[in-house]
Each structure stands twice: as structure tokens, then as C-alpha cells.
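Here is how names work: the chains are called A, B, and so on, in the same order as the sequence lines, proteins then strands, and each is numbered from 1.
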Number of protein chains: 2
Amino acid sequence: MTRSMTMTNTPPTNVLSTRIADELRRAILSGELSPGERIRQEELAEQFGASRIPVREALRILVTDGLVNMVSNSGAWVSSLTQDECSEHYQIRERLEPLLLRYNLGALTDADIARAGELVELMKQAPDLETFMRYDREFHWITYSRVETNSLTDLIEKLWNTTQPYRRVFMKLVRSGGIEVTHLEHELLLEAIKRRDSDEAESILHGHIRRTRIELDRHPEVFAHEFDKSD
Amino acid sequence: MTRSMTMTNTPPTNVLSTRIADELRRAILSGELSPGERIRQEELAEQFGASRIPVREALRILVTDGLVNMVSNSGAWVSSLTQDECSEHYQIRERLEPLLLRYNLGALTDADIARAGELVELMKQAPDLETFMRYDREFHWITYSRVETNSLTDLIEKLWNTTQPYRRVFMKLVRSGGIEVTHLEHELLLEAIKRRDSDEAESILHGHIRRTRIELDRHPEVFAHEFDKSD
DNA sequence: AGAGTTGGCATTGGATACATTCATCGCATA
DNA sequence: TATGCGATGAATGTATCCAATGCCAACTCT
């Protein structure tokens, strides 16, 4: 996984398949491609001026990321989640992200924490949804990515990515209501981190994710998209 | 993921790449291929009487499973874990398998539970290590696979698979000592399941995995294998 | 003699061309 | 009219061939 979330700009590889994969991932995460949308190999190949071979490899890379589903002799689609599956992803996050935070808590620098504090404020003043989501992502990710290695990090990045389209729709719906609670939770989390209080930080983070999941569970309309979902 | 663990024999697909992937996965899980071992595309292609294209796709499938690592313009290796990474995988399992068990607890049939009981006994009499590991896997998997769907199931299967080589070596080392505790834990777990006691079952399972992890942490020699590890 | 450079070889990455599969639609038939 | 069969076409799967990369050893130059 390219760890795009960590803001470590991976130097542009000259391997075509990974470049195509990177571009596709960006398109999916930005919402240009929607969950359930069909992906045609030949179309993509033409679009990139390449043959279908690197396109296929790119698709397989995205399968690894959980962003694409491929079915033999049938085709590839942007991954889509049912409401239950999305809820499941959130429950996994509830249990894993506090663990990852604990891993990192001792290693966070003062600069990390200062930046996290800035981001809490920036989120409050975010002019639009995309900006807010970018800040939110950076805020949490700062607290996750100090310790390097870590298949846990990759795993959680995948979970963020696969749920991102739904989070976007969801937040568009409930933009005004409940956002205050989110800011409060961020502040509490930041305070716990400053105190290096693992248990408290874990607890707040768990509740933060859990609350979002429960709200999301109340909005089935988020998952009523127009495309076939075949996964 | 082919869900091989669930004993649902996937009918042999006539798509070459998936057949090659299945065979490779089997070879890795059985120990015929060791962590860190180099995989040469051409060699494999010849071995299967195929071209390198489906071999490459097979390797990408195994990357998705976490069983293979690929590096651009360099090659592919059977995934290997450092001791820290393995410990990390176990910590993830500690948090996720209890959740999966909870998901399934209400749906388990009497036949499931009966079979689980048989397996507890069979494990006590297992003549060799491989047999024991197969029973152990089936025992836990029965309690995990009643509820279908579930990316959680796939995720946990991956974690079992990637740690399997080390579990094998580890159990070979400590075969005699501590196995009694394992049997006891299995019995307690089974009892909790019979009572449909989610909290207790979660707790026992958590401790079961945790105890194994801590023992594993005490045996660095398990991770001293002869191959290059480049992940 | 030692360090940097260059060439070749082994291996992976990609393009073209062909084979195969699957879904769809039309048509014949009960 | 409903059903089932078969042709058709669009998409994916695979083989073969060629290009590009990277490693390693031999060689040159100082």
C-alpha cells in the first residue's frame, strides 16, 4: 500500500501498473469514481495509452487495497459496501484504532501534538466538507503514523479508504447536526494524548468511532446508490 | 480470498491464475515454501506449463492474501514476519477474533457445537503436529464461519495464514509444555459458547490468543530463518 | 591495489495478438 | 405466451515476443 494517507509523497515510480493504480486510487477516494461503478480494462488502457496488462495489474493492486472487486471472466467494479458491511468495518476500526494509537502514544513528538492541536482548530473553521475531511484524516493520522512498520497501519488505512465514500455522503447529510460533538471528542482525545494517558485515549477514540458508526446505522439512505453492487 | 479454511471446497476454476494461486497458497501454508523464499516467475510458469502472465496474476492474488511480497523490477518472495510483526498480528487477532465470535455466537447450530466438542477431544489425541494444527484450525473456524459475508472473516483468515509458518515452528519447539493449558482453554471456550455467553467467550478467546502471543514473544529463535527477509 | 565504471546477463515489465468465457438477444417451438 | 435453445458480440484470460531494469562481475584508470 502506498501509504498515501501519511503524506509521504511516494516518488513517481516509472512502473506503469503502480502509476495507474495510484491514479485510480486517487479517483476513487476523491469520489470521481463511485462504489459499484464498472471498470473496463480496455477503456482504462486507452485512457492511459497503455495495454491491458498493466491495467490488470493495477486493478489487482487495488483489490489488495480493498478498493476494487474483480470477478473472473466477468469484470471489475469499484468496491461497494452494504450498510451491514460498512458497520462491520467501523466495528473493526473501533477495536483496532485504539490499539494503533497506543502503539504510537509514547513516540509522538511535541511537534506532532502541536500540529494535531492546530488541526482541531482548523476543522472547526473548515469552509467545506472536503477540507474538513482532509483535516480530520490528517489529525488522526498524525497520531497513528509515528511508529513506522506496522501492518496494523496498512490495515487501518484500508478501512479508512473503503469507507471513505460513505463517510462523505453521510457527512453531507448530517453536516450541521452533531458536528459539535465531534469537535469536543477531538479536544478530549488531544488532551488525553498530551497527558500520554493510553487508557483514556483508547477509550475516547473507541467512543468517537462508535458514535459515528451508530449514527451511520441510522442512515440507510447513504447506501442507496444507483450502481449494481456485486460483492 | 478463497476461504480455504472454511472447508468449502471451491470447485476448481478453469481460470489459470487462480488455480496457480491456490496451489501456491497450499504450498506456503503446508510449509513446502518457507517465509523469505524467492519466487521466480519463469520457474513457476514452466512448472505449471503456462506463460508468465497468469503466474504474475497469481502472485498478485497472494499479495492480497498477505502471503507474498512483490517488489517492482526485483522479484517476489514468500512473506516473512519479524518477531515484532508477528506479535503485532497476534495483538490484532486478540482484538478481532472475539468480535467475530460474538457475531457468530447466536447463529451457531447444535451440530456446530457438537463438532467443536469432538474436535476438542481429537486435539487431545492428535498423533502429530500437523493433525493437531488442522483440528485446531477447524475448531476455531467452526465458531467463526456460521455468519457468512464478513470482511472480518477474510481478515482473520489472512492473519491466521500469515502467522501459520511461525506457529508451526513454535509448536514444534514447545510441543510438550503448555499444551495442557491450551486444551483447558478450549474446554472453557466451548462451555461459554454452549451457554451463549458472549462476554465470557470473548474474554476466554482473548486470553487464549494473548497467552500464545506472550509465549511466542519468548522465543526469538522461531524467527531466525535462513532466507532474506525483505518486507 | 583499490575504487569507480561499464558491459552483459538474468529477471521482471509491457505490447500485441489470439483464445475463451459469459451474457444477451432473437428465434423457434411446445 | 412462455420457454428453451443457439448464435452473436463484448469483455476478460492467456501466449508470445520485445523492452527495460537491476545486479554482478570484469575491466579500466588512477
Identify whether the distance between the nearest side-chain nitrogen and carboxylate oxygen of E202(A) and R95(B) falls below 4.0 Å.
-> yes

Residue I53(B), side-chain heavy atoms: nucleotide from dT12(C), dG14(C), dG13(D) that is nearest = dG14(C)

In whole angstroms, the gap separating C1' of dT12(D) from CD of E57(A) amounts to 15 Å

Figure out the CZ/C1' separation between R19(B) and dG13(D), and round it to whole Å.
-> 12 Å

Within a reach of under 6.0 Å around CG of D110(A), are more than 12 heavy atoms found that belong to other residues, nucleotides or ligands?
-> no

Closest to the 5' end of DNA chain C, once N73(B) and S72(A) are matched to their nearest nucleotides, is N73(B)

Below 4.0 Å: OP1/OP2 of dG13(D) and any side-chain N or O of R56(A) = yes

Is I39(B) touching bases, backbone alone, or none of the nucleic acid, heavy atoms closer than 4.0 Å?
-> sugar-phosphate

S51(A) side-chain proximity, nearest of dG13(C), dA15(C), dT12(D) | dA15(C)

Ranking dG14(C), dT12(C), dG13(D) by distance to the side chain of Q41(A), first place goes to dG13(D)

Is it true that the side chains of E88(A) and Y103(B) contain a donor and an acceptor less than 3.5 Å apart?
-> no

Determine the contact category for A76(B): base if any of its heavy atoms lies under 4.0 Å from a base atom, sugar-phosphate if only primed atoms, P, OP1 or OP2 are that close, otherwise nothing.
-> nothing

Take the protein atom CG of N14(B) and the nucleotide atom P of dG13(D), then report the distance between them rounded to whole Å.
-> 11 Å

Minimum-distance nucleotide (side-chain atoms of E42(B) versus dT14(D), dA15(D), dT12(C)) | dT12(C)

Closer to the 5' end of DNA chain C via nearest nucleotide, is it T18(A) or R40(B)?
-> R40(B)

Gap between atoms CZ and P, on R60(B) and dG13(C) respectively (whole Å) = 7 Å

First locate atom OG1 of T212(A), then atom CZ of R93(A), and finally report the distance between them rounded to the nearest 0.5 Å.
-> 7.5 Å

Which nucleotide, dA15(C), dT12(C), dA15(D), lies nearest any side-chain atom of R38(B)?
-> dT12(C)

Looking at S17(A), does any N or O in its side chain come under 4.0 Å of the phosphate oxygens OP1/OP2 on dG13(C)?
-> no

Donor-acceptor pair, Q164(B) side chain versus L29(B) backbone, under 3.5 Å?
-> yes

